[in-house]
Amino acid sequence: MRTSIATVCLSGGLVEKLHACAAAGFDGVEIMDADLVAAYESPEEVRALCDRLGLGIDLFQPFRDVEGVDEATFADTLRRAEAKLALMQRLGADTVLVCSNAGTATVDDDAVAADQLGRLADLAAPYGVRIAYEALAWGRYVADYRHAWRLVQAADRPNLGTCLDSFHILSRGDDPSAIREIDGRKIYFLQLADAPALDMDLLSWSRHHRLFPGEGDFDLVGFLGHVLAAGYVGPLSLEVFNDTFRQTDVVRTAAHARRSLAWLSDRAGSEVLAHPGAPEAVDFVELAGADLAELDETLDLLGFTFRGRHRSKPVRLWSAGDAHVVLNEQFRAEAPHLAGLGVVVDDAGEAAARAAALGAPPVFRRTFAGEQVLRVVAAPDGTEISFGGAGSSWRDEFTGGADRPGALGAGAVVDHVNLAQPWQDFDEAVLFWTSVLGLSSGASTEVPGPAGLVRSQVMRTDDGTVRIPLNMAPPTSPLPAQHVAVRCGDVVGVARRARERGLRFLPVPANYYDDLDARFGLPAAVLAELRELDLLYDRDADGEFVHFYTPTIGGVFLELVERRGAYDGYGAPNAAVRLAAQRAQRAVG
Ligand SMILES: O=C(O)c1ccc(O)c(O)c1
Ligand SMILES: [Mg+2]
């Protein structure tokens, strides 16, 4: 379907925005009146630029405060409208969005509102302009899309229709299924925005927190299904007022926006991408840097088995059960960091094709004859994601290590991989993991850290075999460390053996254990053991969680976890203690 985007979604001046929209592959734009007013280019020049860029001007917007006013006010409204209609003619735009009156309305009478909308439409007719009437969620008398549609029907003009905006409908909790009863030819325009579920006033929520489809909590797939079922054939247009996107790089944000529509039209079945399905497992985690000796030592003390060196690269493999950690020293001047992640998928070729269709940049890795060629794409934060099949043979390229299981042994798996996100890329990352990897996003939480709030959102498969918590640091602090959590069956035993062999742990404050005692009333011996081994503990109705952390090495650390019963969380109550302990560790070390 045709794709469009409102210029309000992006940063920069109008000309920059238009270039970015074209580069991202949009077919058209909604030009915001305020963007045009602030531009030095004349309407004719903007029109010519759009022509040259291959962008249609699908909508001009908004025109406010029309219906439900007294006659003197309405006379002035028509005068204002005439000026904007003339402007639209110069722009070559044929549809204007009129949003429901949130400012000047004083007459709560549908007959008056319909009459005034009809007279505005009559004024627009000689200009060849269509009026798309939209119910703002906070409109004075008209806030419901069904009400707006009733007024459009009552006014009954050939150039008056409605504009549906997912935000205004879903934010109010209105049932979108009645969209199916609207005549699709009278849906003149469709604006799409997602949003996080927030409990706040509608106007502020709308003006600051909208997101691109796939990044929030609205069911846009279901919503679009209703609109398409009504027979709508116009553009899918993004109208996302968002404080972050207004200040991020315009080219990158436009591309990100376009990917959200590729995902949505795929999910809604109006376009079909390859569907490899969700990943089946984490195949490996890759840690990279110039000197990884400290990580070798840590993995050894934790009970991983050294599986050998790669036959042609400075790369080593450590394994424990199905948890495989690749240490890559090809990165000459860099501190240790989490560089990549391999996932097992049903069909690596299809997964890579889907990723490409969703605009994920491919990463080319040098391989030598006889080596497994991995399909790799970059996530928004630069983490390299490799797709491999279940029987993938890349591990055979490592030789010279041991075959026997280490102390950590069989049954160990990668439980989760925690990726730190720059604040401006967080929502794009949610879209990436949703669309490219087919993961679902959990609720967003906030952890109070010593340097500010850390927003955290878990991306996972439904069965929990792949879990990627994303963490967003406060904008002014450096990116937090990333970590790999390995799950085992006996974390106390692993901790004890590692402690005896000399592994340093992230030290946990004594006050934490006093608080644990107060919260859970654990048996004295259990509490003493947790305290002795710097173990963290959580419990909920489903089960228990016991875990510990290694100190941070460069930009990465390891966590060992044990899930007891059906515990499905990540020890969230302990996250603030961990962040404080890591800060204290940095201060001393
Ligand atoms: O926030 C607003 O005023 C506003 C204006 C035009 C729109 O299409 C909209 O959805 C919101
Ligand atoms: Mg709108």
Side-chain angles (χ1 to χ4, degrees), residues 1 3 5 9 24-26 166 192-196 210-225 236-238 240 242 244-245 248 252-280 282 340-363 375-387 417 419 421 424-444 457-462 466-470 472:
M1 290 183 76
T3 58
I5 180 168
C9 302
F26 282 97
S166 61
L192 296 164
D194 205 337
R210 290 189 184 207
L211 293 168
F212 294 118
E215 299 173 354
D217 294 313
F218 289 169
D219 176 15
L220 284 179
V221 175
F223 181 87
L224 180 57
L236 306 184
S237 190
L238 297 167
V240 172
N242 177 289
T244 298
F245 306 151
T248 47
R252 179 166 173 170
T253 307
H256 157 198
R258 182 63 187 78
R259 291 204 295 279
S260 76
L261 281 186
W263 169 80
L264 179 63
S265 30
D266 175 51
R267 288 290 314 278
S270 58
E271 258 130 87
V272 182
L273 307 175
H275 264 288
E280 291 156 24
V282 172
L341 185 67
V343 291
V344 176
V345 292
D346 184 34
D347 184 330
E350 283 220 327
R354 176 179 172 82
L358 288 162
V363 176
R375 309 283 204 132
V376 188
V377 300
D381 64 0
T383 304
E384 298 187 355
I385 314 302
S386 309
F387 298 109
V417 180
L419 299 177
Q421 303 297 309
Q424 70 274 26
D425 301 341
F426 195 92
D427 301 300
E428 188 180 357
V430 171
L431 178 67
F432 173 86
W433 292 97
T434 301
S435 62
V436 176
L437 275 293
L439 303 186
S440 316
S441 57
S444 173
Q457 194 162 356
V458 179
M459 308 299 304
R460 56 175 285 178
T461 52
D462 294 337
V466 177
R467 301 168 186 253
I468 315 286
L470 302 176
M472 175 171 72

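- Taking both residues in full, the closest heavy atoms of A360 and F432 are given as CB-CE1, 3.9 Å, listed atom of the first, atom of the second, then distance.
- Formation of a donor-acceptor pair under 3.5 Å by the Q457 side chain with backbone atoms of G442 is found in this model.
- Of the possible polar contacts, none joining the S386 side chain to the V376 backbone as a donor-acceptor pair under 3.5 Å is found.
- With sequence neighbours excluded, no residue forms a salt bridge (charged side-chain N to carboxylate O under 4.0 Å, His left out) with R375.
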- Item | I385/W433 under side chain to side chain contact (heavy atoms under 4.5 Å, CB included): CA gap, chis, key distance, verdict | CA-CA 10 Å; I385 314 302; W433 292 97; 3.4 Å; yes

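- Using a 4.5 Å cut-off on side-chain heavy atoms (C-beta onward), E215 and H256 make contact.
- A side chain to side chain contact (heavy atoms under 4.5 Å, CB included) with M459 is found for exactly one of L419, V466, L439, namely L439.
- The side-chain heavy atoms of Q421 and E428, taken from C-beta on, include no pair separated by under 4.5 Å.
- What you find for G438 and A278 is that their closest heavy atoms are O-CB, 3.9 Å.
- Put simply, the side chain of V430 does not reach to within 4.5 Å of the side chain of F212, judged on heavy atoms.
- With a 4.5 Å cut-off on side-chain heavy atoms, V458 and I468 do not count as touching.
- The closest side-chain heavy-atom distance from L261 to I5 is not below 4.5 Å.
- Looking only at distances, no side-chain donor or acceptor of D217 sits under 3.5 Å from a matching main-chain atom of P196.
- Here the closest heavy-atom approach between residue D194 and residue F218 is recorded as OD1-N, 2.9 Å.
- Within the 4.5 Å cutoff, no side-chain heavy atoms of F426 are placed close to those of T244.
- Summarising the geometry, atom CG belonging to D427 is positioned 4.5 Å from atom CG belonging to L211; distances are rounded to the nearest 0.5 Å.
- In plain terms, the two heavy atoms of R258 and T3 that are nearest each other are NE-OG1, 3.6 Å.
- The closest side-chain heavy-atom distance from P380 to R252 is below 4.5 Å.
- Remark: C9 SG to L238 CG distance equals 6.0 Å, nearest 0.5 Å.
- Looking at heavy atoms from C-beta onward, F387 lies in side-chain contact with V343 at the 4.5 angstrom threshold.
- Note that the OG atom of S265 and the CG atom of L236 stand 6.0 Å from one another [nearest 0.5 Å].
- Here the closest non-hydrogen pair linking A357 and L273 is CB-CD2, 3.7 Å.
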- Begin with the C-alpha distance, continue with both residues' side-chain angles, and end with the deciding distance and a verdict on side chain to side chain contact (heavy atoms under 4.5 Å, CB included) for L358 and V436. CA-CA 7 Å; L358 288 162; V436 176; 4.1 Å; yes

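- Heavy-atom neighbours of R267 CZ from other residues, nucleotides or ligands within 6.0 Å: at or below the threshold of 12.
- The two residues V363 and V377 come nearest to each other via the heavy atoms CG2-C, 3.8 Å.
- Using modelled atom types, one side-chain atom of R354 and one backbone atom of S435 make a donor-acceptor pair closer than 3.5 Å.
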